[in-house]
Protein chains: 2
Amino acid sequence: MSVTLKDVAALAGVSRSAVSRTFTEGASVSAKTRSKVEKAAQELGYSPNALASSLTTGRTKLIGLISNNFHNPIFLEVFDQFTRALQERGLRPLIVNLTDETEPANSVRMLRQYSVDAAIVASSTLPPSFAKAFHDAGVPVVHTFGRSATSPEVHVVGIDNVECGRMAARELLARGYKRVGYLGGPKNATSAMDRYRGFMEEVENHSDLEVSHSFADNYSFEAGRAEMLRLLKGTPADGYFCGDDILSIGALSSLSDNGLKPGKDIGIIGLNDMEMSRWESVNLTTIHQPIKQIITSSVDLVEEMLKDPTRYPEARIFPCRVIERGTLRPRL
Amino acid sequence: MSVTLKDVAALAGVSRSAVSRTFTEGASVSAKTRSKVEKAAQELGYSPNALASSLTTGRTKLIGLISNNFHNPIFLEVFDQFTRALQERGLRPLIVNLTDETEPANSVRMLRQYSVDAAIVASSTLPPSFAKAFHDAGVPVVHTFGRSATSPEVHVVGIDNVECGRMAARELLARGYKRVGYLGGPKNATSAMDRYRGFMEEVENHSDLEVSHSFADNYSFEAGRAEMLRLLKGTPADGYFCGDDILSIGALSSLSDNGLKPGKDIGIIGLNDMEMSRWESVNLTTIHQPIKQIITSSVDLVEEMLKDPTRYPEARIFPCRVIERGTLRPRL
DNA sequence: ACAAAACTTGCAATCGGTTGCAAGGGTACC
DNA sequence: GGTACCCTTGCAACCGATTGCAAGTTTTGT
């Protein structure tokens, strides 16, 4: 049914090798043969079967893209960037939606069955061991948004979450907040714990502070909202570091339900700087994470791994910065 | 490097056929052989190469998922549902991000190179001819969220956008709005035009109405916001049907910037009923589109196409209903 | 004009599986 | 015990491509 190498060869009156060679870069074909083949291919509407050729070349150009953050709008941006960056380089994203799974075994098996050239684990919640499982199974892997480390076991691209926690704490202190709280993502998320750690490091030396913390069920609007509602039933802090913009936006929503003004009654600083945070109705003060660079860099790294599979694991950590908007009071 | 059929066969002391057969459902293998093979496979960590087998079976279980709506948060929900629904059936989503392209040629070629079993065009903006191009190239295709038709050229699953336009108009009329407007998506989107048509059909017989319409640049927050800002500079209508929730939310944002209260000063009804529309701070009255059923049904249809490729094109149109929240005044 | 060097081309093996076919082995039945 | 039938197994061809090798052709240099 579909047209193959052989058909083109027959029509062009050349061998199959000749056809193959005109379609592979840098192979030795005369101009005459090439044009005969191209004409025949054109006529038949031939395009080479990438999977068949992967059998001999060992390259599929398929890249597994594994994630579990399908309820955080930031992830649409992430998806957009990743799929485009991969496409631009002639790579094809094969998606794995991890929603209810936390074990790598199934994903690893599946991606190996499809002979992906590499895998990208795009998640700030999964532990390094998750990405490591791909590495151990012989699948080159980059963990994007993964836990930063000075000597990582696999390639990691992202930010230093501990430092972001410190940064958020410093920002609250610089604005004179005395009852400060961390409202983090789920306890089993590495990013939630790292941000927590940084936050605590920074505040624990100040004896005049009242410090609290809690964790939402997941990185979602609903979870942030629910957690802040719960806090408001007791005695809330006056300045919060919410571990993520979508949590922040959920928290903001529960503030206004209770007639509280963000930035005035209660301060909130988020993390990510997603598109929505810029909306006038949200106007969230937050820590900017350079998503686009992180993703471009991740895909660069994937390409380099393909060239040199023995490449030594590397951590690429990008700096973040505070974006001042309307949900914290002014600096003192 | 990777372990193959041959290795397992050697270790188990059987032929390659025997190994192949133990891994294919319904093949004839004795219990004894099977267990020998399974033991050997276990020991070597073997799992069959899906791409190699696709060569002979003609099935890859890869499904192309093509879309262009990477700036509308609804699409994260769509993505989540699609990837899960496909996975549950053992199918693998191969993503095509169409962002700047409107011609199917490249996507078609690429998906044929990867021998996808079928393609899903998930877009309410692309014309039927786009999906048709896949069909014509021999790739079974379902157009999800596509233009409904009584005799479609390819499988279509979605809603009747014309009827939704009517429904929105009726809703505005039932609430006594007299200066009604349609604020649609981009003019080149089929859904924007269909909703426009339905809206107009319904209002044109009422001589006491003042009717206006305009189109945003795309389905995004920014576009909706910009368009409403522009409208507010002139004499806006008092009741709008915004062609999509994200447009509505953009429009709402520009209303509150101008000190206008949605539902009181200006009414807005959206379409989609995405998660965000339920947020208390948004509380958008909108037309609910049954995304989940649409997607499940699309994937069902994909499976049935795989079973019977000659299956006659079918349109599966799902009913929508108005969800009353806070952005329209009460019914008279 | 001739030899050497460089380039083209087709053959055939190979990638990792699947499958039709025929042979072999076992069981059931009379 | 002999025949008929069914199940299991391996052989070998094939899926659609790539590639090392050797033979054939062209180009280059003198």
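Lettering follows sequence order; numbering is per chain, from 1. FYI, side chains are in, hydrogens and waters are out, and symmetry mates aren't considered; it's all heavy atoms of this structure.
The nucleotide whose nearest atom lies closest to any side-chain atom of Val14(A) is, among dG10(D), dG10(C), dA17(D), dG10(C). Ranking dT9(C), dC15(D), dG16(C) by closeness to the Ser30(A) side chain, first place goes to dT9(C).
Regarding Leu55(B), its CG atom lies at a distance of 9 Å from the C1' atom of dG16(C), rounded to whole Å. The separation between Leu51(A) atom CG and dA17(D) atom C1' is 11 Å, rounded to whole Å. The CD atom of Glu25(A) sits 18 Å away from the P atom of dA17(D) (whole-angstrom rounding). The distance between atom CZ of Arg21(A) and atom C1' of dA12(C), rounded to the nearest whole Å, is 12 Å. Between the NZ atom of Lys36(B) and the C1' atom of dG10(D) there is a distance of 13 Å, rounded to whole Å. Computed from coordinates, the Arg16(B) CZ to dT14(C) P distance equals 12 Å when rounded to whole Å. Protein atom CG of Asn49(B) is 9 Å distant from nucleotide atom P of dT18(C), rounded to whole Å. Put simply, CG on Asp7(A) is 15 Å from P on dC14(D), counting in whole angstrom units.
No hydrogens or angles considered: a donor-acceptor pair under 3.5 Å links the side chains of Asn106(A) and Glu101(A).
In terms of phosphate contacts, Tyr114(A) brings no side-chain nitrogen or oxygen within less than 4.0 Å of OP1 or OP2 of dG16(C). Put simply, Ser20(A) has a side-chain N or O that comes within less than 4.0 Å of OP1 or OP2 on dT18(D). Contact between the side-chain N/O atoms of Thr56(B) and the OP1/OP2 oxygens of dG17(C) is not found at any separation under 4.0 Å. Within the 4.0 Å cut-off from OP1 or OP2 of dT9(C), at least one side-chain nitrogen or oxygen of Thr33(A) is found.
Ring geometry for Phe134(A) against Phe130(A) counts as tilted: the plane angle lies between 30° and 60°, on a 0 to 90° scale.
Looking at which nucleotide of DNA chain D each of Thr57(A) and Lys32(B) is closest to, the 5′-most match is held by Lys32(B).
Here the shortest heavy-atom pairing between Ser67(B) and Ala122(B) reads OG-O, 2.9 Å. The heavy-atom pair separating Ser124(A) from Asn69(A) by the smallest distance is N-ND2, 4.3 Å. For the residue pair Glu314(B) and Pro152(B), the shortest heavy atom distance occurs at C-CG, 3.8 Å.
Here Thr24(B) lies in heavy-atom contact (under 4.0 Å) with sugar-phosphate atoms only. Here Val29(B) lies in heavy-atom contact (under 4.0 Å) with sugar-phosphate atoms only. In this structure, Ser28(A) reaches the bases: a heavy-atom distance under 4.0 Å links it to at least one base atom across the strands shown.
Under 3.5 Å, the side chain of Ser17(B) and the base of dT19(C) form at least one donor-acceptor pair of N or O atoms.
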